[in-house]
Amino acid sequence: MSTYTPSEIEPKWQDAWDAAETFKATRSDDKPKYYVLEMFPYPSGRIHMGHVRNYTMGDVIARYKISTGHNVLHPMGWDAFGMPAENAAMASGGHPKDWTYQNIEDMKAQMKPMGWSLDWNREFATCDPEYYGQQQAMFLDMWEKGLVYRKNAVVNWDPVDMTVLANEQVIDGKGWRSGADVERRELTQWFFKISDYSEELLDGLDGLENWPAKVRLMQENWIGKSRGLQFSFARTDGGDPIEVYTTRPDTLNGASFVGISPDHPLAKELAENNPEVAAFRAECAKGGTTAEELETGEKLGFDTGLTVQHPLNPDWHLPIWIANFILMDYGTGAIFACPAHDQRDLDFCRKYDLPVIDTFFALDDDTPVAIEAFVPPKDQVVRWVDHFAGLSEATGQEAIDATIDFAEKAGWGQGKTQFRLRDWGLSRQRYWGCPIPVVHCDSCGVVPEKKENLPIRLPDDVSFDQPGNPLDRHDTWRQVQCPKCGNAARRETDTMDTFVDSSWYYARFTAPWADTPTVAEEAEYWMNVDQYIGGIEHAILHLLYSRFFARAMNVTGHLPASASEPFDALFTQGMVTHEIYQTRDDQNRPVYHLPKDVTDGKLADGSEVEIIPSAKMSKSKKNVVDPVNIISAYGADTARWFVLSDSPPERDVEWTASGADAAFKFLNRIHRMATEIAALDGGAGADDEELLRAMHKAIQDVTNGVESFGFNAAIAKLYAYANVVQKAKAGGDAKRQAMVTLAHLMSPFTPHLSEEIWQMFGGEGLIANTPWPFADEAMLVEDTVTLPIQVNGKRRSEIAVAKDLAKEEIEKLALEQEGVVRALDGATPKKIIVVPGRIVNIVI
RNA sequence: GCCGCUGUGGUGGAAUGGUAGACACGACAGAUUCAAAAUCUGUUGCUGGUAACAGCGUCUCGGUUCGAGUCCGAGCAGCGGCACCA
């Protein structure tokens with residue numbers, strides 16, 4: 001008897017699919033198209049289990065759609081720009097380009113044996129000049145349409161290395177290499193005007209019914225639409241008034257001070273003549289730029305000594321403080337603080353001994369605010385203390401609306417809609433990215449490159465032996481002629497954020513060979529992506545930027561308006577996790593060990609390891625399992641089956657050696673069963689009808705599972721069905737049919753094994769191209785149902801009844817059951833609830 | 001700190017508001033074997049009981065409901081994101 005040898009059958013069927021060009025996508029009108037896309041990988045050089053899970057999910061969908069008569073596009077490429085390539089060059093001397101292309105080659109070699117249904121003809125890397133040149137062309141188009149501009153923005157500055165740091169390079173407020181205290185520093189940078197689309201990006205979320213609700217909610221909160229009041233505080237010293245924006249104008253009577261950002265023009269002006277203010281501003285500039293750091297850091301304030309008039313009472317003067325938690329790029333960079341109803345303001349006021357004034361109380365409580373601010377939900381009715389707009393009892397929202405109305409009528413303020421979403425800063429002071437196609441000329445200013453000069457290629461002759469951007473020190477590359485006046489000028493040395501690269505790659509896949517960003521008829525045909533699959537970590541930035549870019553590409557003529565929401569359906573999968581094995585060195589620092597070096601909680605030398613439960617697989621923690629090893633030990637089908645079998649796809653999955661082993665055993669069993677059943681004689685048997693009913697139920701269940709991303713549920717049904725097929729005392733004909741159907745239903749998951757079984761049973765052509773099995777409704781109908789019977793919500797018995805038995809009959813039968821009689825213990829039922837086909841509940 | 005998510009046996013997990021624990025791992029027992037591996041069969045939430053059965057049980061505390069793992073409120077813990085990691 002032949003045994004299951006994935007090392008033989010897997011390459012064989014991969015060659016067969018290649019030879020038949022099974023996965024090559026070509027535009028054609030004879031079938032509906034289906035575009036399935038997984039987020040493309042960063043070429044780190046090694047694939048990991050997260051990739052295996054992500055691409056296997058997409059593969060299941062792609063193969064299922066092929067077998068249901070779709071023209072499927074399932075491409076693959078590389079998100080190839082970014083910091084790791086430069087870090088590698090700094091660490092070991094090579095060139096980012098060589099490192100990246102070598103990694104791509106290595107990773108591709110690891111991906112091919114997985115048997116994914118990818119159309120490798122459309123492969124590209126974002127660091128290919130053919131790709132980033134088109135990106136530069138789009139940048140110029142966007143500039144022309146007013147979607148690109150320059151302004152100052154803060155960056156993390158390492159004062160020792162004299163270089164800009166990424167957030168992840170700032171560790172505890174210090175530069176990762178130099179260890180120097182990081183400062184915030186302003187730099188002129190390039191921006192995309194994503195804020196022009198705030199309203200549209202928000203409204204568009206409503207139409208994304210096939211996106212996870214949580215992703216839409218996160219984006220909604222990120223865009224952060226709010227309505228508030230903008231007004232000015234007049235300065236008592238006659239200086240320029242302070243313009244503030246507030247979402248809680250109803251609490252104006254509780255104002256205790258006016259706060260301005262350290263970057264507010266007034267703060268800068270004061271700093272010029274007041275060394276104390278300058279020192280305070282410098283203090284505020286310490287540390288990194290992340291929101292987390294700003295919001296969890298110590299709240300610092302500085303009393304400027306200046307005061308403003310309260311708009312409702314000219315005799316009420318409020319001090320102006322500079323406060324480090326006020327952001328210059330949200331609203332007007334100035335606020336008024338109402339400590340009674342905002343915890344951060346309250347903490348600040350207690351620290352600096354500023355007054356706390358209650359403006360409203362709960363209906364049943366009038367305790368003044370002490371150390372905890374009273375912040376009820378905006379739809380809760382509260383009792384107001386002498387409110388200027390004449391309110392007594394009203395909700396926060398009603399009060400806000402009434403106050404805006406009041407201020408507008410009185411003429412001292414204006415209702416204003418504000419978004420939290422900021423413009424997208426795309427400048428990076430780094431080498432390994434798409435050069436921004438711009439020239440700086442002393443006489444013409446900032447000038448766009450001519451399109452015929454694109455792509456502006458990265459120079460190859462650069463070195464990474466010192467910190468900073470090599471483009472900055474590359475004199476021959478920097479020196480250019482001004483595209484406008486022809487005089488000597490300087491090339492822009494900033495490159496683009498890698499999020500730009502990944503914001504339109506899905507569109508490029510529709511015509512990756514084109515010498516324009518896209519080709520109209522190809523984009524029209526293939527867009528939108530019907531199913532997009534990727535990690536939840538991209539819920540906000542990547543997906544929001546892509547939605548913006550699709551709109552910008554429409555404005556610039558590179559995508560149809562119908563592709564403005566580029567991803568029809570989104571699925572966010574969980575991570576692959578693994579235990580961490582840890583010991584301590586002589587200084588009690590953790591030392592990590594690879595799973596393959598640990599047996600039964602011990603290292604080879606017998607020392608015990610500490611086991612830290614499931615954490616995201618990461619190289620630094622060494623809790624990684626290399627798919628390459630799994631494939632050589634078990635084959636790709638086992639890896640594919642396991643990553644989808646145990647956990648719901650949207651949740652994390654823990655990789656366990658025993659789980660992989662079990663998957664391998666199961667596939668062996670299927671292979672053995674198939675071999676045995678293929679050898680059976682024909683004819684009928686006792687269980688034929690029952691087996692075929694189970695088969696149709698399995699078809700229905702697995703189809704539903706695949707369609708709804710319930711891969712783990714589909715696999716559980718396949719296990720159960722395989723058990724039925726194995727044990728059924730059916731005739732050869734029925735068993736053969738049941739077995740081939742089992743292989744067919746497994747084919748999106750274990751395509752190689754399924755092809756092998758298909759061939760074993762004399763199937764025609766490839767199972768990959770064979771229409772998906774169809775569940776016969778007539779075979780799914782059940783005549784009897786088992787009803788559990790509860791007494792007071794506790795299950796006491798069950799009855800098997802005809803599906804359409806009358807309620808009265810069911811009640812009668814239920815009351816006769818021994819377990820029910822015992823539970824009733826002579827009591828009279830008050831009420832009997834019969835849910836047809838589901839349950840009976842007797843209430844006493 | 002802010003936004004979002006998750007929490008069920010020894011383990012991964014299943015369950016349109018309707019029998020909690022499907023399916024799988026592990027464990028235990030048996031068959032097969034000279035023996036082992038592989039395979040096959042059975043048992044397996046916890047407690048008590050030979051058993052029938054009973055009590056308890058889905059992070060915690062409350063609530064809605066004939067009925068809550070599921071809905072609502074308040075906590076606790078873990079995870080993801082927070083605009084220069086990708």
Side-chain angles (χ1 to χ4, degrees), chain A residues 39-42 44 79 81-84 153 155-156 164-170 189 194 212-215 217-222 224 288-297 299 325 343-344 420-430 497-499 501-502 535-542 544-545 572 574-575 577 613-616 642 645-648 650-654 656 658-659 661-663 665-666 668-669 672 710 712-713 715-720 723 726 786-790 792-798 819 822 830-833 835 837-844:
Chain A
M39 291 177 185
F40 66 164
Y42 180 80
S44 62
D79 189 12
F81 275 135
M83 292 201 308
V155 294
N156 301 304
V164 177
L165 298 178
N167 285 336
E168 70 158 9
Q169 296 173 319
V170 179
Q189 308 207 61
I194 191 173
K214 65 175 169 182
V215 174
L217 185 58
M218 279 191 262
Q219 292 216 353
E220 183 183 326
N221 290 338
W222 186 262
T289 59
T290 65
E292 187 186 358
E293 204 168 331
L294 295 173
E295 282 177 45
T296 54
K299 307 291 176 284
F325 59 86
Q343 191 61 45
R344 188 170 56 183
R420 203 185 74 100
L421 178 65
R422 308 201 296 255
D423 276 334
W424 174 5
L426 68 116
S427 291
R428 297 292 180 270
Q429 293 71 40
R430 270 182 267 286
D497 177 7
T498 56
F499 272 123
D501 312 336
S502 56
I536 184 67
E537 65 271 24
H538 295 293
I540 295 176
L541 293 180
H542 162 61
L544 191 63
Y545 289 157
T572 52
M575 297 176 302
T577 63
S614 72
K616 179 177 179 169
F642 177 69
S645 65
D646 260 13
S647 274
E650 68 277 13
R651 290 242 288 270
D652 294 351
V653 65
E654 165 112 1
T656 57
S658 58
D661 225 41
K665 279 185 193 171
F666 177 71
N668 269 289
R669 197 177 123 207
R672 199 164 51 240
N712 59 322
I715 285 177
K717 300 288 185 190
L718 284 165
Y719 269 108
N723 291 342
Q726 187 164 21
T786 303
L787 293 183
I789 302 164
Q790 298 179 330
N792 276 356
K794 278 186 189 296
R795 183 182 170 279
R796 296 299 176 185
S797 184
E798 64 178 35
R822 191 170 41 233
K830 261 190 234 158
K831 191 170 167 188
I832 303 178
I833 292 147
V835 185
R838 301 236 60 132
I839 204 164
V840 179
N841 191 10
I842 300 166
V843 186
I844 54 172

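Side chains are part of it too, since the values below use all heavy atoms of this structure and drop only hydrogens, waters and symmetry mates. Quick note on labels: first sequence line is chain A, next is B, and so on, each numbered from 1.
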Requested in this report: Indicate the ring-plane relationship of A:Phe499 and A:Tyr545, choosing parallel, tilted or perpendicular according to the 30° and 60° boundaries.
Outcome: perpendicular
Query raised in the report: How far does the C1' atom of B:G12 sit from the matching atom of B:G62, given to the nearest Å?
Result: 32 Å
**Report entry** Interatomic distance at C1', B:G73 relative to B:C66, whole Å
**Finding:** 23 Å
Report task. Choose from B:C82, B:C2, B:A24 the nucleotide whose nearest atom is closest to any side-chain atom of A:Glu295. Result -> B:C2
Query raised in the report: Within less than 4.0 Å of OP1 or OP2 of B:C84, is there a side-chain N or O belonging to A:Arg428?
Result: yes
Query raised in the report: For the side chain of A:Ala716, counting heavy atoms from C-beta on, which of B:A22, B:U19, B:A86 is nearest?
Result: B:A22
Query raised in the report: If we ignore angles and hydrogens, is there a donor and acceptor under 3.5 Å between the side chains of A:Asn167 and A:Asn156?
Result: yes
For nucleotides 37-43 of chain B, give me every protein contact, N/O to N/O, under 3.5 Å, one pair per line with atom names.
residue, atom, partner, partner atom, Å
B:U39, O3', A:Arg672, NH2, 3.3

Query - Whole-Å C1' distance, B:G49 and B:A37 - result: 40 Å
**Report entry** Separation of the C1' atoms in B:A74 and B:G10, to the nearest angstrom
**Finding:** 32 Å
Requested in this report: Examine B:C56: is either OP1 or OP2 under 4.0 Å from a nitrogen or oxygen in the side chain of A:Lys794? Give yes or no.
Outcome: yes
Query raised in the report: Which way is the base of B:G9 turned, syn or anti, if we draw the line at 90° from 0?
Result: syn
Query raised in the report: Hey, does the side chain of A:Asn167 come within less than 4.0 Å of B:A83's phosphate (OP1/OP2), counting only N and O?
Result: yes
List every contact pair, protein side and nucleotides 45-54 of chain B side both N or O, where the distance is under 3.5 Å.
residue, atom, partner, partner atom, Å
B:A54, OP1, A:Arg796, NH1, 3.4

Requested in this report: Please measure how far the P atom in B:C72 lies from the corresponding atom in B:C23, and state the result in whole Å.
Outcome: 31 Å
Report summary line: In B/S/- notation (B base, S sugar-phosphate only, - none; protein heavy atoms under 4.0 Å), nucleotides 61-70 of chain B written 5' to 3' is -----BS---
Requested in this report: Establish, with yes or no, whether the OP1 or OP2 oxygen of B:C82 is under 4.0 angstrom from a side-chain nitrogen or oxygen of A:Thr290.
Outcome: no
Query raised in the report: Taking the P atom of each, how far is B:G9 from B:C59, in whole Å?
Result: 7 Å
Query raised in the report: Is the shortest side-chain N/O distance from A:Ser647 to OP1 or OP2 of B:G13 below 4.0 Å?
Result: yes
**Report entry** Nearest-angstrom distance from the residue atom NZ of A:Lys717 to P of B:G13
**Finding:** 18 Å
Query - Span that lies between the C1' atom of B:A36 and that of B:A86, in whole angstrom - result: 50 Å
Report task. Check the side chains of A:Gln189 and A:Arg428 for a donor-acceptor pair under 3.5 angstrom, ignoring hydrogens and angles. Result -> no
